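Contents: one structure, followed by commentary.
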There are 2 protein chains.
Amino acid sequence: MSLCDTAIMRVLQHPPRKNLTLTQVLYALSDPVRLSIVKNLAEDDGKACGTFCLPVAKSTASHHFRVLREAGVIEMRSEGTQCINSLRREDLDARFPGLLDSILRASDPL
Amino acid sequence: MSLCDTAIMRVLQHPPRKNLTLTQVLYALSDPVRLSIVKNLAEDDGKACGTFCLPVAKSTASHHFRVLREAGVIEMRSEGTQCINSLRREDLDARFPGLLDSILRASDPL
DNA sequence: TCCATTGTTCGTAAATAATAGAACAATTGA
DNA sequence: TCAATTGTTCTATTATTTACGAACAATGGA
């Protein structure tokens with residue numbers, strides 16, 4: 001069955017670009033676990049939640065992905081039983097020029 | 001009496017440049033009150049705590065200044081009964097190139 | 001249909017953080 | 001010396017955040 005024909009497709013809310021706020025983005029990135037997710041995506045975009053090696057329980061990881069999504073930092077789309085994540089680079093760059101790059105450069109290498 | 005001769009001079013702890021951490025700085029700047037302090041200092045450095053128009057009580061403001069100081073974002077020095085604040089631009093730029101600028105550019109004008 | 005996989009949600013507990021008022025401390029000027 | 005100014009610290013309260021396990025839901029393959 002094609003993905004789009006799926007009867008029940010989880011709809012994840014993403015804030016539109018214009019609604020992104022600086023403080024919310026900074027807050028989302030101020031947690032080590034969440035920052036590591038973003039750093040990981042910056043190097044390898046489109047990864048499923050389960051492929052990240054995080055030092056927290058599954059439910060906690062789910063929470064962190066949600067914080068990133070609601071801040072507008074990542075986009076999540078379900079694909080089968082998985083959840084594919086990607087960085088909202090264009091939106092972040094448009095709204096906060098240079099911010100993401102400086103943060104990625106400032107953080108230690110993976 | 002000269003400032004340096006003062007018998008009891010409050011000694012404020014400031015983290016050295018090398019100890020600044022990205023997550024701590026991001027966290028410090030993720031609060032609207034603290035971000036407004038930093039934006040204010042970026043335009044008008046060397047202001048005393050009392051000259052900021054903040055929507056919180058004196059003790060709460062004191063807390064926010066401390067968070068900024070302990071994250072290494074601002075430098076505080078006492079001068080008489082006042083506390084003079086300045087942005088640690090050079091340290092921030094050295095440690096996290098472009099970060100402060102992008103944040104100041106991204107935030108709305110005062 | 002059954003089961004494994006993947007991730008979310010719920011309930012809850014522990015830790016953090018923001019806030020304010022009151023008391024306090026240091027400085028300066030009258 | 002006394003009082004005003006400026007800011008910190010203490011204490012308490014409230015709210016938020018992080019965390020986990022258990023239960024649940026959706027998907028896809030055997």
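Letters A, B, ... mirror the listed sequences (proteins, then strands); counts begin at 1. For clarity, every value in this text was computed on a predicted model and none was experimentally measured. Any value given below was found using the heavy atoms of this structure, including those in side chains, with hydrogens, waters and symmetry copies removed.
- Computed from coordinates, the B:I84 CD1 to C:dA26 C1' distance equals 15 Å when rounded to whole Å.
- Within residues 47-57 of chain B, the residues that place at least one heavy atom under 4.0 Å from DNA chain D are, in residue-number order, B:A48, B:C49, B:G50.
- Evaluated for a side chain to side chain contact (heavy atoms under 4.5 Å, CB included) with B:L29, the options B:L104, B:L99, B:V73 yield exactly one hit, B:V73.
- No donor-acceptor pair under 3.5 Å is formed between the side chain of A:S62 and the backbone N or O of A:K58.
- Taking 4.0 angstrom as the limit, B:T60 places none of its side-chain polar atoms (N or O) nearer than this to OP1 or OP2 of C:dA18.
- Of the inter-residue distances, the one linking B:L87 atom CG with B:I74 atom CD1 reads 8.0 Å to the nearest 0.5 angstrom.
- Rounding to whole angstrom units, NE2 of residue B:H63 and P of C:dT19 are separated by 7 Å.
- The side chain of B:S59 lies closest to D:dT9 when the candidates are D:dT18, D:dT9, C:dG7.
- Side-chain atoms of B:S62 stay outside donor-acceptor range of the base of D:dG7, with no qualifying N/O pair under 3.5 Å.
- For A:R66 and C:dT8, the CZ to P distance is 9 Å, given to the nearest whole Å.
- Put simply, CG on A:L68 is 10 Å from P on D:dT18, counting in whole angstrom units.
- In this structure, A:R69 contributes its side chain and A:Q13 its backbone to a donor-acceptor pair below 3.5 Å.
- For B:T81 and C:dT27, the shortest distance from a side-chain N or O to OP1 or OP2 is not below 4.0 Å.
- A close approach under 4.0 Å does occur between a side-chain nitrogen or oxygen of A:Y27 and OP1 or OP2 of D:dT18.
- Taking the centre and axis of the six-membered ring of A:Y27, the NZ or CZ atom of A:R34 falls inside the cone set by 45° and 6.0 Å.
- For the pair A:F65 CZ and D:dT18 P, the computed distance is 14 Å after rounding to whole Å.
- Of the possible donor and acceptor atoms, none in the side chain of B:N85 sits under 3.5 Å from a partner among the backbone N and O of B:M76.
- Contact annotation for B:H64: backbone-only contact, meaning every heavy-atom pair under 4.0 Å involves sugar-phosphate atoms and none involves a base.
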